[in-house]
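The structure appears below as C-alpha cells.
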Amino acid sequence: MSTHTAHVAAAHKESFLRRYIFSMDHKVIGIQYYLTSLFMAAVGGVLAMLIRLQLGWPGSSGIRPDAYLAFVTMHGTIMIFFFLTTILTGGFGNFLIPLQIGARDMAFPFLNMLSYWLFPPAIIVLLASFFVSGGAPNSGWTAYPPLSALKEAAPGSGLGQTLWLISLAILIVAFLFGSLNYITTVLTLRTRGMSMLRLPLTIWALFITAVLSLLAFPVLLAAAVMLLFDRIAGTSFFLPAGLIVGGKSIPSAGGSPLLWQHLFWFLGHPEVYVLILPPMGFVSDILSTFSRKPIFGYRVMVASIAAIGFLSFIVWGHHMFVSGMSPWLAMGFMTTTLIIAVPSAIKTFNWLATLYRARIQISTPMLFALGFISLFVTGGLTGIFLGSPTIDIQLHDTYFVVAHFHFVMASAALFGVFAGTYYWFPKMFGRMMNERLGRWHFWLTFLGIYATFFPMHYLGIAGMMRRIYSPLLYPHLQPLQPLNVLISVSAFILGASQLIFAFNFFWSLFRGEKAPVNPWRANTLEWTAPSPPPHGNWGETLPTVHRWPYDYSVPDAPEDYIPQTVPIAAPVAGGAGPDGPHVGRSPVEDARRGPNAPDQVDQTTRGT
Amino acid sequence: MRTPGIQKAEGNASGRAFAVVLWILVAAAALGTITASRRWWLPPLASVHGAEVDRLFYLTLAITGLVFILVQILLGVFVYRFSAPGGGRAASWHEHRALEVTWTLVTAIVLTILISMGGLVWARIHQPAPAGALTVEVTAEQFGWRVRYPGPDGKFGRTGPQFISAANPLGIDPADPAGQDDIVTLNDLRFVVNRPVRVLVRSKDVIHSFFLPHFRIKQDAVPGMTVEVWFTPRSTGEYPLACAELCGVGHYIMRGQVRVVSPEELERWLQEKRG
C-alpha cells in the first residue's frame with residue numbers, strides 16, 4: 001500500500017498541464033466534460049432565444065429563413081449531443097462512477113483522457129460550420145436526406161453539413177471510448193463488498209446508459225459515414241434515382257431515404273434514454289437522501305432501468321408512423337412503445353411511494369428532483385398520444401411533438417443535471433452552492449419551463465408544424481400568434497434565469513461555504529472521500545461496503561442514515577428485511593470476487 | 001452534526017410552498033386547456049375517418065388528463081404532508097408487493113386498451129381505397145405541390161425525369177397516350193364531397209409531408225416512392241394543404257389549397273383546365 005501512497009504523492013507533483021489539462025484523473029476529466037458541456041449549453045440556449053425571437057415576431061426579427069433553420073438544427077444538435085449527452089455521461093458519469101463504486105479511477109484512464117480530448121475538436125468543427133459558405137446545416141438535428149445529402153437542396157447543405165457529419169463522427173468516437181470505460185469499470189473495479197445489487201441507482205442508470213451508447217452510437221457513426229460518402233464520394237446509399245433538385249438532375253440511383261431514418265432512429269430512440277436514464281438514477285438517490293427513507297422498490301427500479309434499456313432498441317419506428325414505412329410495421333412499433341411505457345410508469349409510482357411517510361428535507365437538489373418527477377409525468381403522458389399511430393397522424397411533426405420531448409427528455413434531463421449539480425457540487429469542488437440563489441433558480445426555471453412548453457401543446461393540436469420560419473402564411477395558424485408571443489416571453493425569462501445558476505456556480509466555486517465530507521448525511525461511498533477527493537479518491541485503503549445504499553431511518557439506529565461502509569452490527573433490531581439487498585456480504589460473493597479486490601484496484605491505478 | 005445546505009426549520013414551509021405551487025400549476029394547466037379548446041384547437045373536421053381520430057384523441061386526453069391531475073396533486077400532497085423540520089424518523093417502508101403489482105397491471109391494462117383502439121382505427125384507415133374513389137397524384141417539390149388528375153381515361157401517363165421541363169414539370173412521357181389528357185395544376189387540389197379520394201403522394205427532390213390538418217391526414221412524400229392515402233371529405237369548403245416535413249428554406253411557404261366541391265363543379269373545373 002505504501003507504494004500507492006508514493007504514487008499519489010507523485011501525482012500531486014505533476015505539472016499543471018498533466019494535472020488539469022491532459023489529466024487522466026476521472027474527476028478532472030469529469031469536470032472538464034462538465035464545464036465544456038456547460039459552455040455548449042450556453043451556445044444552444046442562445047440559439048433557442050433566437051428561435052423564439054423569430055417565432056414571436058416573425059415579421060421583424062431580422063433573421064433570414066436559412067439562418068433560422070441553421071439555428072434550429074444547431075440548437076437540437078448541441079443540446080442533445082454536445083450538452084446533455086456529454087454532461088450526463090462524460091461529466092457526471094466520469095466523476096461519479098469510481099467514487100460511488102469505491103474505485104481509485106476508471107479502468108482505462110488514458111482512454112478516458114482521449115475521450116475528453118476528442119470533444120473540443122468536435123465542437124470546433126461543429127461551430128466552424130456557422131462561418132463557412134452557406135452557413136450551418138439547415139436539415140434539422142435528424143438530418144434527413146436528400147435534404148442533408150445534396151448541396152443544391154439548401155444553403156446549409158454545403159460545407160456546413162459536411163462539417164456537421166465529421167463533428168458528429170468525432171464525438172461518437174469519444175462516446176464509444178467513454179462507454180467502454182464505464183462498463184468495464186463498473187463490472188471489474190467495484191470495491192470489496194460492492195455487489196451489483198448494492199450499487200446505487202445512479203450507477204445502475206449510468207451503467208445501462210453506457211451499454212445503450214455502446215450498442216446504438218456505432219449505428220449512427222456508420223450512417224453518418226455513409227451520408228458523408230453520398231455527399232462527397234458519389235455513392236447513393238440514401239438517394240434514389242431520378243431526383244430533380246432546383247431544376248437540376250442528380251445522377252444518383254438505387255438508394256433509399258427511409259434507410260437513413262431507420263438507422264438514425266435506431267440510435268435516436270436509445271439516445272433519448274441515454275439522456276433520461278442517468279437523471280432517473282440521480283433523482284432516485286437524491287429523493288431517497290432528502291426523504292430520509294429508502295428508495296421504494298429498489299430491485300424493481302433496477303429491473304425497470306434494464307427493461308427500458310432493452311426495449312429502447314425496438315421502438316424506433318414510432319418516429320416513422322407517417323414516413324411511408326409499411327403501415328403494418330406501425331402496429332409492431334406501437335406495441336413495443338406501449339410496453340416501454342410500463343417500466344417508466346412503475347418508476348414514477350416508486351418515486352411517489354418513496355415520498356410517502358418520508359421526512360422530507362427541502363433543499364435545492366431535492367426541489368429539482370421533485371420538479372423532475374412533475375416534468376417527467378407531464379411529458380410522459382403526452383407520449384401516449386404520439387405512441388398511438390392514429391393520433392400521431394395529426395400530431396406528428398407539429399409543436400405537440402416539440403412540447404412532448406421538451407418536457408420528457410430535454411427539461412427532465414436538464415432537471416437531472418441541475419439536481420445532480422447542486423447535490424454533488426460540494427464533492428466536486430469542496431464548496432457548497434448558495435442555497436438562496438439555488439431556490440430562485442429552481443422556481444424561475446420550473447415555472448418558466450411550464451409557461452414555455454405547455455402552451456406548445458395547443459400550437460400542435462391546432463396544426464402548427466415544426467421548423468417553420470413563420471406560421472403567418474397559413475390563415476388557420478394566424479390566430480396562434482398571441483400564444484407564440486407568450487411562449488417567447490416565457491422562454492426569455494427561462495433563459496435569463498439560467499444566469500442565476502451561472503453566477504451561483506462560479507461564485508460558489510471561489511466563495512462558497514467550505515463543504516464537509518458528507519453535507520447531506522448520505523449513504524453512498526463518494527461521501528466517505530474528502531471534499532474534493534484527492535487523486536486516488538481515498539487514502540491508503542479503499543472503503544469496504546457492508547450494506548445497500550438506502551439504509552435511511554433504520555429503526556433504533558443512532559442516526560437516520562447508515563453509510564454503506566458501516567458494518568452490519570449483529571443486533572440492528574428490525575433494521576433490514578430478512579433477505580433484502582442490504583444484508584451483509586455473502587460468502588458466495590467472497591468466493592467470486594476474492595478477498596483482495598481492493599489490491600487489484602490499486603494495481604490498475606499504478607499501471608497508469 | 002452540522003449540515004450546511006439543509007435549513008431544517010425551513011423544511012416545512014418550503015415543502016408546502018412547492019405543493020401549493022404545483023397545485024396552482026395543475027389548475028392553470030386545466031384552465032389553460034379549457035381556454036385553448038375554444039380558440040387554439042383541432043381545426044374543424046372535414047373528413048369521415050377524422051371523427052374516429054378525434055374520438056381517440058379526446059379519449060386519450062381524458063385519461064391522460066385525469067392521470068396528470070391525480071399524479072401531480074398526489075406529488076404535492078406527499079410533499080406537503082411529509083415535509084418535516086427536525087426530529088422524528090421516516091417510515092422504513094420500501095416494498096409492497098400487492099401495491100406494486102396493482103399499479104403495474106392497471107397501467108398495462110389502460111395502455112393496452114388505448115393502444116388497441118388506436119391500432120383498430122389505424123388498420124381501418126389503411127384498408128385499400130374503395131372502388132370508385134377519385135384518384136389524384138400529388139408530387140411535392142421545393143416549394144410547391146404539383147397536382148395531377150388522370151383525365152377522362154382514368155389513367156396517369158408514364159413519367160420520367162428526362163422529360164421534365166418548364167412546360168412539363170412532372171416529366172410526363174409525350175409518347176404515352178395515357179398522359180395526353182392528364183391535367184396538372186400547381187398548389188390547387190379539388191375533391192368531391194362525400195366521394196372517397198385516393199391521393200398518390202410523391203416527391204421530386206427531398207422529403208416533404210402532405211398535411212391536410214382539417215382532414216386528419218398526413219403522409220410524408222418520399223422521393224423514389226409512391227405512397228397512397230385515401231379518405232372521404234365530408235363537407236364542402238376551402239382548406240389549406242401544408243408541408244409538415246422540413247424541406248429547405250421555403251418549407252414555411254409550401255402551401256397548397258384544397259377545395260371540396262360538388263361532382264358537377266369538379267367536372268366543370270377539369271374541363272376548363274383541359275380546354
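Below, each value reflects all heavy atoms present in this structure, side chains not excepted, and no hydrogens, waters or symmetry copies. In what follows, chains carry the letters A, B, and so on, assigned in the order in which the sequence lines appear, proteins first and then strands, with residues in each chain numbered from 1.
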Q: Would you give the length of the straight line joining atom CD1 of I391(A) to atom CG of L114(B), rounded to the nearest 0.5 angstrom?
A: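 With rounding to 0.5 Å, CD1 (I391(A)) is 7.5 Å from CG (L114(B)).
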
Q | Straight-line distance of Q394(A) CD to H214(B) NE2, nearest 0.5 Å | A |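 So the CD of Q394(A) and the NE2 of H214(B) are separated by 9.5 Å.
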
Of the listed residues ([options]), which shares the most heavy-atom pairs with chain A below a 4.5 Å separation?
options	result
A91(B), G118(B), A166(B)	A91(B)
L42(B), V227(B), V121(B)	L42(B)
H96(B), R81(B), R39(B)	H96(B)

Q | Non-neighbouring partners of L381(A) that pass side-chain contact (heavy atoms from CB on, under 4.5 Å), sequence neighbours left out | A |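 For L381(A), the residues satisfying side-chain contact (heavy atoms from CB on, under 4.5 Å) (neighbours in sequence not counted) are V377(A), I384(A), T64(B), V67(B), F68(B).
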
Under 4.5 Å from any heavy atom of chain A, what part of [X] do you find: side chain, backbone, both or neither?
X	value
S203(B)	neither
L75(B)	both
I253(B)	both
I164(B)	side chain

Q. Mind checking what makes ring-ring contact (aromatic ring centres under 6.0 Å, His included) contact with F296(A), not counting sequence neighbours?
A.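 ring-ring contact (aromatic ring centres under 6.0 Å, His included) list for F296(A), sorted by chain: W93(B), W103(B).
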
[X] versus chain B, heavy atoms under 4.5 Å apart: side chain, backbone, both or neither?
X	result
H476(A)	side chain
Y450(A)	side chain
W351(A)	neither
F446(A)	side chain
V72(A)	neither

(Q) Treating R89(B) as the side-chain partner and V554(A) as the backbone partner, does any N or O pair qualify as donor plus acceptor under 3.5 Å? (A)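 Checked: pair present.
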
Q. Taking side chain as C-beta onward, heavy atoms only, is R467(A) less than 4.5 Å from E245(B)?
A.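 In contact.
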
Q. When you look at Y252(B) and L473(A), which way does the side chain to side chain contact (heavy atoms under 4.5 Å, CB included) test go after all the steps?
A. CA-CA 8 Å; Y252(B) 73 109; L473(A) 267 78; 4.2 Å; yes

